[in-house]
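Worksheet: the structure to be examined is printed underneath.
Side-chain atoms are counted along with the backbone in the values below, which use heavy atoms only and exclude waters and symmetry mates.
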Amino acid sequence: MGRIRKFTVASAQYGIGRPKSFEDYAHRIAAKAEEAAHGGASLLMFPEYGAMELASLFGEKVEADLQGQIGALDELAPQVDALHQDLAAAHGLHILAASLPVRVPGRELPVNRARLFAPNGRNGHQDKIIMTRFEREEWAIGGGDGLSVFETDLGCIGIAICYDCEFPLLVRTMVEAGAELILIPSCTDTLRGHGRVRVGAMARALENQCYAIVSPTVGKAPWSPSVDINRGVAGVYGPPDIGFPETGIVAEGRFDEDMLLFAEINLDLVAEARRAGQVLNHQHWSEQPGVDLWPIPPVRTFDLLSEED
């Protein structure tokens, strides 16, 4: 089948809960997928660390133990992934599952991993590259060792997990590899944190003349030392250029509310802005002094495309 250039995205402002069983959690994720599908979405995205609520399944001892949470969530990861893969197939959705810490063979520290599932059964992952102070100093989660792009029926997608969107060269590497759409799952506990992610997303959309979509955790979970306070708003951003809103804000949710934000994506607008926009940031990137000193690192490509009919 040909690539879809115009489609609807549903970005979750995901309220952290306290599921009593895996079935309880699965029912809630399934309800979000059904809502997204009924709303006409082709892509559903969940936030960074949204899956940390599953630590509630292991009792108060694990709930209060950051390292214990990592081990428990790592054991559940295959079950979580199977759930999202099944929902992607059942609803014809591409689903970015909420990131969670996983252990990787041969690596000392766990990584913060987001996984993208296509309705055809294929999937791929992106690990967070640059860790926040909390992840480094308190949680002992390590950075990933490479960048990925995802070739899908919805175009070429990159994923910049929360803090990563605040570093231009990470996203530019994905764009150089073909990305037109950057997914930014986030988890922030203050308005300042949310502001940094929002500014980062809008800046990346401007300089790369692409879409940047933010999906945050929201709400309070006082039982959890990792996601106890969550502030944010989902947002879909583009370059403030021809065909896009003058502010660059395509859509934003209602602050701190558990909800899905729906928005229309038109990748033809990305191509046109890059070709003949009022400004040509994407084309003119190489004119920055010193950019020739930056060797573009290799990027892994996950092929999530459907087979040709």
Side-chain angles (χ1 to χ4, degrees), residues 8-20 24-25 27-36 38-39 41 43-56 63 66 69 95-101 112 114 128 132-135 138-139 159-166 182-205 211-238 245 247-264:
T8 299
V9 62
S11 177
Q13 289 182 195
Y14 189 77
I16 295 294
R18 196 176 190 178
K20 298 178 181 178
D24 185 19
Y25 165 80
H27 178 76
R28 186 173 179 216
I29 298 299
K32 295 289 188 186
E34 184 174 356
E35 181 183 353
H38 285 175
L43 171 63
L44 168 62
M45 61 179 293
F46 289 101
E48 177 187 36
Y49 290 134
M52 293 310 300
E53 65 182 9
L54 284 166
S56 66
E63 284 184 352
L66 282 171
Q69 287 187 5
I95 301 179
L96 181 69
S99 78
L100 75 170
N112 177 7
K128 189 174 185 178
T132 62
R133 291 191 62 187
F134 174 74
E135 289 167 312
E138 298 183 48
W139 212 353
I159 301 171
I161 302 175
C162 201
Y163 195 38
D164 281 352
C165 84
E166 300 172 31
I182 305 297
L183 307 184
I184 303 172
S186 72
C187 178
T188 54
D189 61 359
T190 64
L191 293 181
R192 292 186 182 92
H194 158 70
R196 289 190 292 268
V197 171
R198 183 177 186 266
V199 168
M202 295 184 76
R204 304 296 79 80
Y211 284 99
I213 306 177
V214 176
S215 168
T217 53
V218 296
K220 295 182 179 180
W223 59 268
S224 172
S226 56
V227 287
D228 51 339
I229 301 173
N230 303 271
R231 306 296 310 275
V233 63
V236 179
Y237 307 104
T247 61
I249 301 171
V250 177
E252 287 188 315
R254 297 180 294 273
F255 213 91
D256 286 346
E257 180 178 330
D258 185 295
M259 62 173 288
L260 291 184
L261 173 69
F262 290 86
E264 298 303 312

Contact summary for [X] and [Y], nearest pair of heavy atoms:
| X | Y | value |
| --- | --- | --- |
| P185 | P47 | CB-C, 3.6 Å |
| M202 | I249 | CE-CG1, 3.8 Å |
| S99 | Y49 | OG-N, 2.9 Å |
| V236 | A263 | CG2-CB, 3.7 Å |
| A201 | A212 | O-CB, 3.5 Å |
| Q69 | M52 | OE1-CE, 3.1 Å |

Once rounded to the nearest 0.5 Å, what's the spacing between atom [atom1] of [X] and atom [atom2] of [Y]?
| X | Y | atom1 | atom2 | result |
| --- | --- | --- | --- | --- |
| R231 | D256 | CZ | CG | 4.0 Å |
| I159 | C165 | CD1 | SG | 13.5 Å |
| L43 | L96 | CG | CG | 7.5 Å |
| I16 | S226 | CD1 | OG | 8.0 Å |
| R204 | D164 | CZ | CG | 11.0 Å |
| N112 | L100 | CG | CG | 8.0 Å |

**Asked** Tell me, do C187 and V227 make a side-chain contact under 4.5 Å, heavy atoms counted?
**Response**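 Yes - at least one pair of side-chain heavy atoms lies under 4.5 Å apart.
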
Flag, side chain of [X] to backbone of [Y], donor-acceptor distance under 3.5 Å:
| X | Y | value |
| --- | --- | --- |
| S11 | L261 | no |
| R18 | S56 | no |
| Q13 | E257 | yes |
| E53 | G17 | yes |
| S215 | A12 | yes |

**Working for side chain to side chain contact (heavy atoms under 4.5 Å, CB included), residues I29 and Y14** = CA-CA 10 Å; I29 298 299; Y14 189 77; 3.7 Å; yes

**Message:** Could you walk me through whether V214 and R198 satisfy the side chain to side chain contact (heavy atoms under 4.5 Å, CB included) test, starting with their C-alpha distance in whole Å, then the side-chain angles of each, then the deciding distance to 0.1 Å, before giving a yes or no?
**Reply:** CA-CA 8 Å; V214 176; R198 183 177 186 266; over 6 Å; no

**Request:** Go through V218 and F255 one step at a time and tell me if the side chain to side chain contact (heavy atoms under 4.5 Å, CB included) criterion holds.
**Result:** CA-CA 9 Å; V218 296; F255 213 91; over 6 Å; no

**Message:** Assess the residue pair T217 and E48 against the criterion (side chain to side chain contact (heavy atoms under 4.5 Å, CB included)); give the C-alpha distance rounded to whole Å, side-chain angles, the decisive distance to 0.1 Å, and a yes or no.
**Reply:** CA-CA 7 Å; T217 53; E48 177 187 36; over 6 Å; no

**Check ion pair K32-D258 (N to O, under 4.0 angstrom)** = yes

